[in-house]
Protein chains: 2
Amino acid sequence: MNLKELSHTLGLSQTTVSRALNGYPEVSEKTRLRIEQAARAHNYRPNTRAKSLATGRAMMIGHVIPMATKHEMVNPIFADFIAGAASTYSARGYEMMLSMVKDSDEMQTYRNLMARMSVDGVILHGPRMDDERIGLLEEIGMPFAVHGRASGHTSPYCWLDVNNKSAFKRATEFLLDLGHKRIALLNGIEGMDFAHRRRTGYGEALGARGIATDPAYMRSDEMTETFGYRSTQDMLAMKTPPTAYLVSSMICAIGVRRAIEDAGLVMGRDVSIVTHDDALSYLRNGDDVPIFTATRSSVRDAGERLADLLLDRIRDPLAPPRQVLLEAELMVGQSTGPAPNRA
Amino acid sequence: MNLKELSHTLGLSQTTVSRALNGYPEVSEKTRLRIEQAARAHNYRPNTRAKSLATGRAMMIGHVIPMATKHEMVNPIFADFIAGAASTYSARGYEMMLSMVKDSDEMQTYRNLMARMSVDGVILHGPRMDDERIGLLEEIGMPFAVHGRASGHTSPYCWLDVNNKSAFKRATEFLLDLGHKRIALLNGIEGMDFAHRRRTGYGEALGARGIATDPAYMRSDEMTETFGYRSTQDMLAMKTPPTAYLVSSMICAIGVRRAIEDAGLVMGRDVSIVTHDDALSYLRNGDDVPIFTATRSSVRDAGERLADLLLDRIRDPLAPPRQVLLEAELMVGQSTGPAPNRA
DNA sequence: ATCGATACCCAAAGCGCTTTGGATTATCAA
DNA sequence: TTGATAATCCAAAGCGCTTTGGGTATCGAT
């Protein structure tokens, strides 16, 4: 059932039916009611593609996920972020389009999305320190919002980020206060903006207590369980192993814990762990008492809020782009304790 | 730059330009080359919505994810499955549309997708034993493919599933062979088809050795770390606790392990664990030697292959719907060992 | 020279919607 | 009664593409 048929059934013009269903005032309440009733009865829905073509709005937001290789890992926070964004879209009448592309194709993908007019805007994931994608999107005039920030980019744009620097500074201070001097940092991939900010916070906290950062205690990689396990195993084998680990994700922290326990040590007594917790739905950090002491910030909320920022921006393109900086909360759990005396 | 402008620039008709770019034979090689060159130079891409409207194909596949509450958990296998499907789509020129809806709205969502003609087909996630969605999709004529199966549905439809029954039967036999008699089952949510099949396999293996299933050793819930931890804690407190756990997901198994180690027991010596491993990219089950003994089947591959099935079905709607049953492989890791003697 | 056949190209009609610019009728004050 | 105003409704022109149903040259064969 399309508009032509529906209006024919009603003995009205397409104009009137369209106006009635879209809430325009030029149609009497009586006929509007009649039209709505008929539309319901025939389960009429306007064809999205025709509507988009006529209005010029796709009512669709693009998320493009670059993958280096076909079997590269999918970022585990991805699902929760997406879920958050999607719930905003559905609340505001938008749809989400997801593309996975080879990362060499990512720039071209944005150009395509723009030229083909298949989306009204995009969310930019995983910004690197000097991210060329932002400049591209500005150049081609594609509305966008960034999950995170790119330190290297100067002109104002729309973003939402956790205050990674302050979170990791605070976490490091917490460990220092417990007497830890050798604190390892298991960070995200080098080049990622968030990883850089976290390292800065860590470094500043150490520096303020007169402790120099030591590359031997620092690792950077994709945040998998295996990365946490391996790195910890390596460091435990040092003459002076760290007494505490500051970790970038729960999954990674699970690996750290496994290495610690494999070595016959007890988490929270022999070795402390603080991790960042994205509050993933399937990986709750305990219920009553947190398992890990953690800097916590819900990535699902981030998705919801960033999507809202983007839709606002699309609605009102001339308003100055908005930024949101979220503070992570430090939740003390069972994974931290005073530095062992013998250390 | 749209088709009208481009063809005007070239001094050709829209017909010819369109045909040239779509590879039709009615245009000379010389002009085709000229047209392609101009298209590239002006970065011309056909407007997707106009193209869809004209061809009647959306070149888009829908995935609808129902959520009971706003903050219900996102299934952790979701990201990897989606990544697999998306890579197939991008290889075959399709896009993916993702909607999250309240689960009370799911049926209506499918009707909408059909009436609005916004997708060419859908992937059905998480089928329950008697899943009403399949009947609906058949009724409204929406092409679909199911990730899993619905035992209650009789008419043939397109699906791809892991042989959950044989996998869990095999895993149970493996534990029985090691001398375990009290084997716990931590299963997925009641009502899910896969959970039912797994329980059947488990039950059959036990039955074949004359062991009756004991509800005290069986739990069913969302497969979170916490669920694994709690269930194991509970069971460890029994007079005769299980000596082995058969678990439905790695994340859940991590919780089981935590409970075991919190109780001062050693995994693989005091207590054995076998888990299903979806081969999630961020949660590798060790590299050389698997941490957990596991029934393994990549959910990312499943996504790729199921998407292929669906696209084939869309291309050739009259062909009989295809089904794929994948066998999981049993990988022996460090989490299993002979049943303790005292048991 | 004439007649197909072939190669190449085009005008115009959709696809299903929104929206502009009236047209028609009802309403009402003067 | 009349002219102005407001209330309803409509025909038709897009949106940017594909595709139908020709049209015009060109060319070899008769």
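Quick note on labels: first sequence line is chain A, next is B, and so on, each numbered from 1.
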Please determine if a side-chain N or O atom of [X] lies less than 4.0 Å away from the OP1 or OP2 oxygen of [N].
{"X": "Asn2(A)", "N": "dC15(C)", "result": "no"}
{"X": "Thr15(A)", "N": "dC10(D)", "result": "no"}
{"X": "Thr16(A)", "N": "dC10(D)", "result": "yes"}
{"X": "Ser13(A)", "N": "dA11(D)", "result": "no"}
{"X": "Tyr24(B)", "N": "dC9(C)", "result": "no"}
{"X": "Thr31(B)", "N": "dC8(C)", "result": "no"}

Calculate the interatomic distance between [X] atom [atom1] and [N] atom [atom2]; express it in whole Å.
{"X": "Asn22(A)", "N": "dT19(C)", "atom1": "CG", "atom2": "P", "answer": "8 Å"}
{"X": "Glu26(A)", "N": "dT18(C)", "atom1": "CD", "atom2": "P", "answer": "13 Å"}
{"X": "Arg19(B)", "N": "dT19(D)", "atom1": "CZ", "atom2": "C1'", "answer": "7 Å"}
{"X": "Arg32(B)", "N": "dA7(C)", "atom1": "CZ", "atom2": "C1'", "answer": "13 Å"}
{"X": "Arg116(B)", "N": "dT18(C)", "atom1": "CZ", "atom2": "P", "answer": "10 Å"}
{"X": "Leu3(A)", "N": "dA12(D)", "atom1": "CG", "atom2": "C1'", "answer": "14 Å"}
{"X": "Lys4(A)", "N": "dA13(C)", "atom1": "NZ", "atom2": "C1'", "answer": "11 Å"}
{"X": "Met59(B)", "N": "dC17(D)", "atom1": "CE", "atom2": "P", "answer": "16 Å"}

Do you see a donor-acceptor pair shorter than 3.5 Å between the side chains of [X] and [Y]?
{"X": "His153(A)", "Y": "Ser155(A)", "result": "yes"}
{"X": "Thr15(B)", "Y": "Ser18(B)", "result": "no"}
{"X": "Ser13(A)", "Y": "Thr16(A)", "result": "yes"}

*asked:* In the structure I gave you, are the side-chain heavy atoms of Ile314(B) and Ile61(B) within less than 4.5 Å of one another anywhere?
replied: yes
*Shortest non-hydrogen contact from Cys158(B) to Phe144(B)?*
CB-O, 3.7 Å
*Identify, between Thr55(A) and Gly11(B), the residue whose nearest nucleotide on DNA chain C lies closer to the 5' end.*
Gly11(B)
*Indicate yes or no: does Arg92(A) engage Asp312(A) in a salt bridge with an N to O separation below 4.0 Å.*
yes
*Which ones in residues 37-53 of chain B lie close to DNA chain D, meaning a heavy atom under 4.0 Å from one of its atoms?*
Tyr44(B), Arg45(B), Pro46(B), Asn47(B), Ala50(B), Lys51(B)
*Any idea which of dC9(C), dT8(D), dG16(D) is nearest the Met117(A) side chain?*
dG16(D)
*May I ask you to say what Ser18(A) touches in the nucleic acid, namely base, sugar-phosphate or nothing, with a heavy-atom cut-off under 4.0 Å?*
base
*Is Arg32(B) reaching over with its side chain to a backbone N or O of Ala20(B), donor-acceptor style, under 3.5 angstrom?*
yes
